[in-house]
Amino acid sequence: MKGIKGRVAIITGTASGIGAGLIKNFAASGAKLICVDIQGDGERFIDDFRDQATFLKADLRVDGDIAKIVDTAIRKFGQIDFLINCAATYVDKGASSTRSEWLNGFDSNLVGHVLLVQAALPYLKKSSSPSIVNFSSESAHVGLAGRWIYPATKAAIEQVTRSQALDLAEFGIRSNSVMPGWTRKPFHDAAPAEVAERYQNLSSRLHMLRRMGTVDEVAQAVLFLCSEHASFITGSCMHVDGGHSALGPQGLEVHLPTEIRKAAGVGSSASGDRCP
Ligand SMILES: NC(=O)c1ccc[n+]([C@@H]2O[C@H](COP(=O)([O-])OP(=O)(O)OC[C@H]3O[C@@H](n4cnc5c(N)ncnc54)[C@H](O)[C@@H]3O)[C@@H](O)[C@H]2O)c1
């Protein structure tokens, strides 16, 4: 994709799932990477890209760590072009979540990312093609049983993206979010066959494309948002969910009221089928 080669990206949450996929896809496109995760074993994910990537163990809830991330990027590569805020915690006890669990969720999934943008801002302003990509989730838009914190943090980051886009536009900085659907990760492959099959069956009913997404599919959407091809896209949320969020309450079923009318022998009126 145009506009990625030679650029410097900070990517958070790279010691797992989608973040690890981002390393692979950005490195393959010729970007230089500062890969960040709270998990120290994240080092192994840059093994194949050591000439292009540096791993930094850092906690986005700690101001000193945020400063260290930006310092490392500047010391190592001298510039920052892309900020990809992928890290997240899923810890959530729904209605029984404590104050500290709520604060931890928001600190990790929202505040840490916003403060990282703030710290990187002087360098993003100097870039000729600066871009921020935040990670939302389809859970930001629906009720989820037993989960109150995570979806609220994702709704918040999606909203902040719009304000970021507006306030940073004058510096040419674009800010967008991506909204992955169910994304296949290594633990899905490690699950016992019967669990994996249940998951697969459910996925095929929930997504128009009848399957889960892959980390590469999400990473390619993020690459696109950072690339020159997306030069007029800001303040948007890109759905990378196989059509999940566009499905109505009937899911993949045929339009049931129409079927009922047909079965009952009721024809359409001149103004069309008035069923909802
Ligand atoms: N996997 C999906 O199906 C899916 C669906 C919708 C949205 N998302 C979003 O995509 C992103 C990646 O998801 P994933 O499933 O790969 O997550 P993951 O749990 O596999 O990886 C998240 C990473 O963030 C790191 N992290 C958490 N808190 C941190 C902190 N305070 N400081 C630094 N690092 C921290 C974790 O150590 C972990 O390696 C997340 O933002 C998630 O909300 C994922």
Side-chain angles (χ1 to χ4, degrees), residues 10-25 34-46 55-69 72 83-92 100-101 103-116 119 132-142 144 147 149-158 160-161 176-191 199-200 202-203 206-207 211-222 225 237-242 244-245:
I10 294 175
I11 309 177
T12 70
T14 55
S16 176
I18 293 173
L22 287 167
I23 298 181
K24 195 171 65 129
N25 283 270
I34 298 294
C35 306
V36 176
D37 205 287
I38 196 170
Q39 297 183 61
D41 70 344
E43 187 81 41
R44 66 197 160 97
F45 291 99
I46 63 161
F55 175 76
L56 190 63
K57 180 178 186 293
D59 184 343
L60 291 163
R61 297 166 300 179
V62 176
D63 289 346
D65 282 12
I66 286 178
K68 203 166 65 178
I69 296 167
T72 306
L83 200 48
I84 297 148
N85 291 316
C86 176
T89 175
Y90 291 92
V91 174
D92 191 335
S100 79
E101 286 160 347
L103 293 176
N104 178 56
F106 272 86
D107 211 358
S108 306
N109 295 2
L110 176 75
V111 181
H113 292 308
V114 172
L115 293 181
L116 183 55
I132 299 165
V133 180
N134 294 315
F135 269 74
S136 181
S137 161
E138 52 193 10
S139 65
H141 300 272
V142 294
L144 281 182
R147 301 181 77 198
I149 300 177
Y150 174 80
T153 65
K154 290 293 160 182
I157 193 85
E158 196 180 311
V160 164
T161 303
N176 293 288
S177 52
V178 285
M179 195 180 97
W182 289 21
T183 307
R184 194 175 187 88
K185 300 198 293 184
F187 74 78
H188 291 113
D189 300 323
Y199 218 77
Q200 188 49 45
L202 190 55
S203 309
L206 290 177
H207 298 83
R211 63 173 174 85
M212 274 190 276
T214 66
V215 294
D216 289 336
E217 286 170 322
V218 177
Q220 286 293 317
V222 177
L225 287 173
C237 178
M238 180 179 276
H239 298 202
V240 191
D241 68 352
H244 185 180
S245 56

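First listed ligand is number 1; within each ligand, the first listed atom is number 1.
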Quick check: [X] and ligand 1, any N/O pair under 3.5 Å apart?
X: G13; value: no
X: I38; value: yes
X: V36; value: no
X: N85; value: no
X: S16; value: yes
X: E138; value: no

Using heavy-atom distances, let me know which of [options] sits nearest [atom].
atom: atom 25 (C) of ligand 1; options: V240, D37, T14; result: D37
atom: atom 10 (O) of ligand 1; options: F45, F135, Y90; result: F135
atom: atom 41 (O) of ligand 1; options: A15, S139, S177, C86; result: C86
atom: atom 3 (O) of ligand 1; options: T183, D65, N134; result: T183
atom: atom 22 (C) of ligand 1; options: A20, A88, G40, S136; result: A88

Show me which atoms of ligand 1 lie under 4.0 Å from any heavy atom of [X].
X: Q39; value: 36 (C), 37 (O), 38 (C), 39 (O)
X: G17; value: 16 (O), 20 (O)
X: R61; value: 31 (N)

Do D216 and K24 meet the salt-bridge criterion of a basic N to acidic O distance under 4.0 Å? yes
Taking only Lys NZ, Arg NE, NH1 and NH2, and the carboxylate oxygens of Asp or Glu, determine whether R211 and E217 approach each other closer than 4.0 Å. yes
Spell out, as yes or no, whether a donor-acceptor pair under 3.5 Å connects the side chain of S108 to the backbone of G105. no
Is the ring pair H244/W182 parallel, tilted or perpendicular, if the boundaries are 30 and 60 degrees? perpendicular
Taking the side chain as every heavy atom from C-beta outward, state whether [X] and [Y] have any atom pair closer than 4.5 Å.
X: I149; Y: Y90; result: no
X: H113; Y: I157; result: yes
X: K185; Y: M212; result: no

Checking I18 against T183 for the side-chain contact (heavy atoms from CB on, under 4.5 Å) test, could you report, in this order, the C-alpha distance in whole Å, the side-chain angles of both residues, the deciding distance, and whether it holds? CA-CA 8 Å; I18 293 173; T183 307; 4.0 Å; yes
Please work out, at 4.0 Å between heavy atoms, whether the side chain, the backbone, both, or neither of K154 comes within that distance of ligand 1. side chain
Distance alone, cut at 3.5 Å: any donor-acceptor contact between the side chains of S177 and N134? no
Whether G213 lies under 4.0 Å from ligand 1, heavy atom: no
For T12, state whether at least one heavy atom is located under 4.0 Å from any atom of ligand 1. no
